[in-house]
Number of protein chains: 2
Amino acid sequence: MTHFASGITLATTANLIGDVARANILCALTGGRALTAGELALHAGVSASTTSGHLSKLLDAGLVTVVKQGRHRYFRLSGPRVADMLETLMGAADLGPTRHRPVGPRDEALRRARSCYDHMAGRFAVDLAERLQAGGFVVLSDEGGTVTEAGSALFGALGIEFQTDKANRRPLCRCCLDWSERRFHIGGRLGAALFAHAEREKWVVRVSGSRALRVTRAGETALAGGLVGSAPVALPQTRRRNVRVSA
Amino acid sequence: MTHFASGITLATTANLIGDVARANILCALTGGRALTAGELALHAGVSASTTSGHLSKLLDAGLVTVVKQGRHRYFRLSGPRVADMLETLMGAADLGPTRHRPVGPRDEALRRARSCYDHMAGRFAVDLAERLQAGGFVVLSDEGGTVTEAGSALFGALGIEFQTDKANRRPLCRCCLDWSERRFHIGGRLGAALFAHAEREKWVVRVSGSRALRVTRAGETALAGGLVGSAPVALPQTRRRNVRVSA
DNA sequence: CCACTGCTTCGGCGCCAGCCGAAGTGTCCG
DNA sequence: CGGACACTTCGGCTGGCGCCGAAGCAGTGG
């Protein structure tokens with residue numbers, strides 16, 4: 001009778017994500033690193049053959065990409081937009097009257113700090129965002145965020161660089177509603193650059209086989225000082241590596 | 001083996017939307033108006049009893065709300081966040097290499113102008129957004145939008161009022177990537193206010209039984225003048241108010 | 001009181017989507 | 001070469017879920 005097309009579009013995408021095995025695969029990839037089909041099978045909790053089928057569907061839909069290397073096939077999310085969509089969907093899980101059921105103590109590590117494709121999430125990321133805001137380095141609002149002049153100076157001094165390419169459609173500083181904390185953390189190009197910096201400086205280290213991040217003492221210190229404490233001196237540009245913020 | 005909880009969370013939500021009948025129901029509700037169970041059955045293309053089952057699931061999940069009136073039950077999306085999520089999901093449909101297949105001529109009316117819960121979308125909305133931006137009334141960026149002082153003046157003169165309540169978590173001006181046009185339109189509180197104004201001034205009228213909007217001659221005129229034509233105010237070009245670092 | 005309408009609940013049916021194991025392809029290694 | 005490994009394809013099985021029609025339950029109106 002009416003616009004069925006939209007409904008079908010919606011349903012096919014959602015249906016793809018709506019299978020537990022595929023959802024687990026996507027969640028695993030939300031960690032941001034490329035994983036082999038075998039590893040994904042473990043995460044999904046199903047056999048290799050079944051996983052293979054799922055992966056080809058995800059490929060067809062363009063949600064993931066693959067690169068072949070020797071006898072392995074490495075899978076990735078096809079981009080930050082996909083990761084954002086997934087987190088949106090997660091966040092919408094308990095829009096309902098279901099009272100704010102914390103996700104269970106088993107996920108404590110995840111709630112503390114985790115990677116979200118190419119930026120950080122969890123308590124650590126939320127705290128960091130608030131510190132930066134309190135220091136006047138960024139202005140976070142519901143509709144997004146902007147970097148102040150003081151922020152530009154700070155990030156420059158720290159050697160945190162993000163593409164300023166205006167043509168790049170990707171937000172500089174996207175405010176993600178944190179799935180576990182229900183407060184904002186920093187995504188977008190700035191979020192990616194912050195994550196890269198945090199890994200370089202060993203503020204956080206990845207926990208193998210999980211999205212979880214372990215916050216080091218250096219990380220605690222940096223957070224407590226709102227990043228400023230960790231760079232009392234303007235460090236020479238030794239770190240001007242290719243920062244590679246997404247592509 | 002690993003964080004299954006997230007995967008299940010993700011899957012249950014997505015699975016709910018992943019059924020064609022339910023997706024059609026949600027799409028219909030994206031029109032923004034409350035509909036009865038019977039009307040939704042028509043939109044979904046399934047029997048009343050089946051529809052009833054779907055609706056109770058959507059209720060349980062908190063995606064829709066219901067209000068009982070006489071022997072009718074009126075259903076609504078439970079909030080703008082749900083609508084945003086649905087459009088996000090729609091937009092992600094063709095992230096893949098599938099070439100930008102236009103949604104088919106049958107949906108021409110929808111592509112032209114439609115309602116998106118409480119704001120407008122489609123070519124009309126996109127054009128309007130660009131007009132407003134060109135006139136210096138709003139600044140639209142990937143990470144959101146802001147209303148300039150000139151914009152505040154214009155909207156005030158037009159009698160367009162939006163809640164300025166800062167405590168309100170809802171974005172003032174959210175940039176939605178238009179699903180059909182793949183350009184930005186204006187959502188958030190400003191988007192809602194613009195839609196209300198457009199309806200009041202009969203720039204657009206709802207097409208019954210559809211999300212589609214018909215653009216009237218008054219609407220064309222208003223658009224051509226960037227809204228200003230209908231309220232000839234002398235506006236100082238006080239742009240560049242907003243600090244935008246990524247410039 | 002009864003007839004009509006809108007909606008939900010129930011029982012039963014049928015299909016499809018996901019699952020697995022076995023066999024097939026391609027790659028690396030000794 | 002032959003064997004180990006990573007992954008895909010194929011065939012067959014099964015359970016769940018979406019579907020419907022019939023019956024039950026309000027609310028409305030004569």
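As the structure is a prediction and not an experimental result, all values here were calculated from the model. Order of the sequence lines fixes the chain letters, A, B, ..., with proteins taken first and strands second; residue numbering starts at 1 for each chain.
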Does [X] make a side-chain N or O approach to OP1 or OP2 of [N] shorter than 4.0 Å?
X      : N       : result
K57(A) : dG18(C) : yes
H72(A) : dC28(C) : no
R22(A) : dG18(C) : yes

Q: Estimate the overall bend of the helix from dC1(C)-dG30(D) to dG30(C)-dC1(D) from the end axes over five pairs each, rounded to 10 degrees.
A: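 End-to-end axis angle for the helix from dC1(C)-dG30(D) to dG30(C)-dC1(D): 20°, rounded to 10°.
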Q: May I ask you to decide if G53(B)'s main-chain N or O and S56(B)'s side chain share a donor-acceptor pair within less than 3.5 Å?
A: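 At least one qualifying donor-acceptor pair exists.
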Q. Contact class for T51(B) vs. all strands (heavy atom < 4.0 Å): base, sugar-phosphate, or nothing?
A.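 Touches nothing.
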Q. Which part of the nucleic acid, if any, lies within contact of S56(A), taking any heavy atom under 4.0 Å across all strands shown: a base, the sugar-phosphate backbone alone, or nothing?
A.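 Nothing: the residue S56(A), judged by heavy atoms under 4.0 Å, touches no strand.
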Q. First and last nucleotide of DNA chain D touching chain A, 5' to 3', heavy-atom cut-off 4.0 Å?
A.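 Footprint of chain A along DNA chain D, 5' to 3': dA4(D) to dT9(D).
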Determine all donor-acceptor pairs shorter than 3.5 Å in which one atom belongs to a side chain in residues 67-75 of chain B; sequence neighbours excluded.
none

Q) If each of R71(A) and S47(A) is mapped to the nucleotide of DNA chain C with the nearest heavy atom, which maps nearer the 5' terminus, i.e. the 5' end? A)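 Residue closer to the 5' terminus by nearest nucleotide: S47(A).
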Q: Please step through side chain to side chain contact (heavy atoms under 4.5 Å, CB included) for the pair F195(A) and L213(A), ending with a clear verdict.
A: CA-CA 11 Å; F195(A) 185 25; L213(A) 299 173; 4.0 Å; yes
**Q.** E87(A) and R211(A) ion-paired at < 4.0 Å
**A.**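 Between R211(A) and E87(A) there is a salt bridge, with a charged N closer than 4.0 Å to a carboxylate O.
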Q: Measure up the H197(B) and W203(B) rings against each other and bin them: parallel (under 30°), tilted (30 to 60°), perpendicular (over 60°).
A: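 Plane angle over 60°, so perpendicular.
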